[in-house]
Every structure is written in structure tokens, then in C-alpha cells.
Number of protein chains: 2
Amino acid sequence: MGITKSESFTEEQNEIANLLKALANPARVAIIQYLLKVDSCICGDIVNELPLAQPTISQHLKELKNANIIQGTIEGKSICYCINPETMSKIESYFGGISLKLKNKCC
Amino acid sequence: MGITKSESFTEEQNEIANLLKALANPARVAIIQYLLKVDSCICGDIVNELPLAQPTISQHLKELKNANIIQGTIEGKSICYCINPETMSKIESYFGGISLKLKNKCC
DNA sequence: ATTTATTATCGTAATATTGCAATATATAAA
DNA sequence: TTTATATATTGCAATATTACGATAATAAAT
């Protein structure tokens with residue numbers, strides 16, 4: 001159906017899935033990597049950096065923003081985006097917990 | 001278009017995006033969590049565990065297998081699935097690297 | 001060989017995602 | 001106020017994803 005049966009799963013499962021879905025696209029991975037490189041905030045240099053049209057970048061930024069992975073602050077006539085470290089740390093510890101569990105057992 | 005311009009991005013960016021895409025679904029998150037809980041291999045108890053039809057589970061398992069997140073070994077008339085710790089560790093260190101970079105700077 | 005149990009595949013319907021052109025909005029500068 | 005710059009929104013078209021019923025494939029047990 002293209003529809004995910006979210007009601008059938010826990011809130012945590014849906015939350016993780018939504019966070020990962022926001023990151024699960026090469027353009028958005030590239031945006032995150034660029035934001036990491038320039039390490040402070042930026043705006044639409046991303047449009048110059050990536051081979052995608054401005055509306056497409058804008059849409060990707062919106063999705064990352066909705067997932068709380070990045071945040072944007074208005075700065076004059078442009079908007080300054082940066083990574084939300086708390087969300088990233090949440091994702092990191094999710095996978096950290098998985099790896100920890102895996103270290104004890106083996107399949 | 002529903003099509004991702006993978007050619008426009010690096011192999012690493014596409015690889016990470018594909019790994020995360022494989023995990024970016026609550027049913028697949030639930031499968032991973034279940035595999036972690038029972039800590040050794042299983043097969044189609046997942047069908048009994050999750051409120052999804054058998055073909056749907058089978059399809060999700062296939063996607064996880066294609067992404068190398070799980071592996072299945074034939075065991076009699078059933079198939080035993082388990083998490084591939086190497087792939088999980090790759091994902092973990094990806095986010096570990098991001099969090100490390102974020103610790104130094106602030107936006 | 002037939003039956004039974006387990007998993008995979010096919011076909012299809014419903015919905016979601018990706019990308020862009022066109023256009024709108026917002027703010028700063030002239 | 002007009003103009004220029006920066007970003008967002010709308011409205012598609014193309015493709016991908018999710019889910020399931022029906023059915024096939026595989027292998028043990030009888």
C-alpha cells in the first residue's frame with residue numbers, strides 16, 4: 001500500500017524509523033556532511049554545493065528540520081541551518097546500544 | 001520523480017543512505033529489536049511476533065538481508081536469521097564520527 | 001510419493017517519495 | 001516604492017515503497 005502500519009508499532013520504533021527515514025537519502029546525507037564540514041551554520045550555499053535545484057534542496061531541508069535533525073535561524077534575508085546535536089546524539093546512542101548488545105552474543 | 005539521483009553523490013553517501021533506508025521502517029526496527037532480544041538466531045516466529053502477514057515479513061527480511069544488516073542460514077526446513085554485527089558496527093561508527101565532530105563545534 | 005511446515009515470489013492496489021518548473025513570500029538595499 | 005536576493009510553496013510527473021492474497025518452492029516427515 002505504500003502505507004506503513006505505524007499504529008502496530010511502539011512509539012520508540014516509529015520515532016527511530018522516522019529519524020532514520022529523514023537521513024535515508026543521499027542528498028540529505030550530503031547536506032549533513034556539508035553542514036559538518038563548514039561546522040558552523042549556513043544557508044543556500046548548499047544549493048551551490050549540490051547538483052539539485054533550489055526547490056529540491058529546500059524540501060530536503062524541510063524534512064531534516066521536521067525530524068529535528070537540523071534547525072534554522074533567520075539571519076537577515078537568509079536562513080542559517082545547523083545540525084541539532086541532541087538529535088544526532090540520540091541516534092548515536094541508539095546504535096551504540098545495539099552494538100553493545102551484539103558484543104556479548106554471537107549468532 | 002520518486003527517483004533518487006544517486007549518480008550525483010559519492011559512493012559513501014549512497015551506501016549510508018541505503019543502510020539507513022533499510023532500517024527506516026517501524027516493522028524493520030521491530031524485527032531488529034526482536035532479533036536483539038532473542039539474541040541468537042530465529043526465523044518465522046517474527047511472523048507470530050509482529051502484526052503483519054507472512055509475505056510482508058518475508059519482504060522486510062529480504063530488504064534487511066540485501067542491505068547486509070541481517071544474514072540467514074538454512075537450518076532444516078526453516079531459515080535462521082541473525083543480525084550482522086559488522087554492518088551494525090559500521091553504522092554505529094558513522095554516527096559516532098558525527099557526534100565526535102559535533103562535540104568540538106557548536107552552532 | 002504424499003503430506004506438512006516453512007519461506008519466497010508474483011501480482012496488484014494504495015500510498016509515499018523525489019525532483020523540478022513556476023510561482024509566491026520575505027527581507028534588505030537602492 | 002522598486003528592485004534584488006533568499007527561501008518556501010504549489011502542482012505536477014515519474015518512480016518507489018508497503019502490504020497482502022494467491023501461489024510457488026523447498027525440505028522434513030509419514
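Computed from a predicted model, the values in this text were never measured in an experiment. Chain A is the first sequence line, chain B the second, and so forth, proteins listed ahead of strands; every chain is numbered from 1.
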- Query: Contacts to DNA chain C from residues 48-58 of chain B, heavy-atom cutoff under 4.0 Å, which residues?
  - Reply: B:Gln54, B:Pro55, B:Ser58
- For DNA chain C, the residues among residues 21-32 of chain A that have a non-hydrogen atom under 4.0 Å from it: A:Lys21, A:Asn25, A:Arg28
Decide yes or no for [X] and [Y]: does some side-chain heavy atom of the first lie under 4.5 Å from some side-chain heavy atom of the second?
X: A:Tyr81; Y: A:Leu61; result: yes
X: B:Ile16; Y: B:Tyr94; result: yes
X: B:Phe9; Y: A:Asn25; result: no
X: B:Leu52; Y: B:His60; result: yes

- Item | Residue pair A:Ala22 / A:Glu63: nearest heavy atoms and the distance that separates them | CB-O, 4.3 Å
- Within 6.0 angstrom of B:Glu7 CD, more than 12 heavy atoms from elsewhere: yes
Could you state the interatomic distance from [atom1] ([X]) to [atom2] ([Y]), rounded to the nearest 0.5 Å?
X: A:Ile83; Y: B:Leu102; atom1: CD1; atom2: CG; answer: 5.0 Å
X: B:Leu36; Y: B:Ile31; atom1: CG; atom2: CD1; answer: 12.5 Å
X: B:Lys62; Y: B:Lys65; atom1: NZ; atom2: NZ; answer: 8.5 Å
X: B:Met88; Y: A:Ile98; atom1: CE; atom2: CD1; answer: 4.5 Å

[X] [atom1] to [N] [atom2], straight-line distance once rounded to whole Å:
X: A:Ile70; N: D:dA8; atom1: CD1; atom2: C1'; result: 14 Å
X: B:Glu63; N: D:dA16; atom1: CD; atom2: C1'; result: 10 Å
X: A:Gln71; N: D:dT7; atom1: CD; atom2: C1'; result: 18 Å
X: A:Asn18; N: C:dA16; atom1: CG; atom2: C1'; result: 13 Å
X: A:Leu61; N: D:dT9; atom1: CG; atom2: P; result: 11 Å
X: B:Ile79; N: C:dT9; atom1: CD1; atom2: C1'; result: 13 Å
X: A:Leu20; N: D:dT17; atom1: CG; atom2: C1'; result: 16 Å

- Considering only C:dT6, C:dT15, C:dC20, which nucleotide approaches the side chain of A:Ile3 most closely? C:dT15
- Message: Is there a path of hydrophobic side-chain contacts, each under 4.5 Å between heavy atoms of I/L/V/M/F/W/Y residues, joining A:Ile74 to A:Leu35?
- Response: yes
Between [X] and [N], is there a side-chain N or O to OP1/OP2 distance below 4.0 Å?
X: A:Tyr81; N: D:dA8; value: yes
X: B:Lys62; N: C:dT9; value: yes
X: B:His60; N: D:dA19; value: yes

- Query: How would you label the contact of B:Glu75 with the nucleic acid (heavy atoms, under 4.0 Å): base, sugar-phosphate, or nothing?
  - Reply: nothing
Using a cut-off of under 3.5 Å, enumerate the N/O to N/O pairs linking the protein to nucleotides 1-5 of chain C.
{"residue": "C:dA5", "atom": "O4'", "partner": "B:Lys77", "partner atom": "NZ", "Å": "3.4"}

- Query: Taking it one step at a time, do B:Ile91 and B:Leu23 satisfy side chain to side chain contact (heavy atoms under 4.5 Å, CB included)?
  - Reply: CA-CA 11 Å; B:Ile91 299 173; B:Leu23 292 171; 3.7 Å; yes
- Of B:Gln59 and A:Gly76, the one whose closest nucleotide on DNA chain C sits nearer the 5' end is B:Gln59
- Contact nearer the 5' end of DNA chain C, comparing B:Lys65 with B:Phe9: B:Lys65
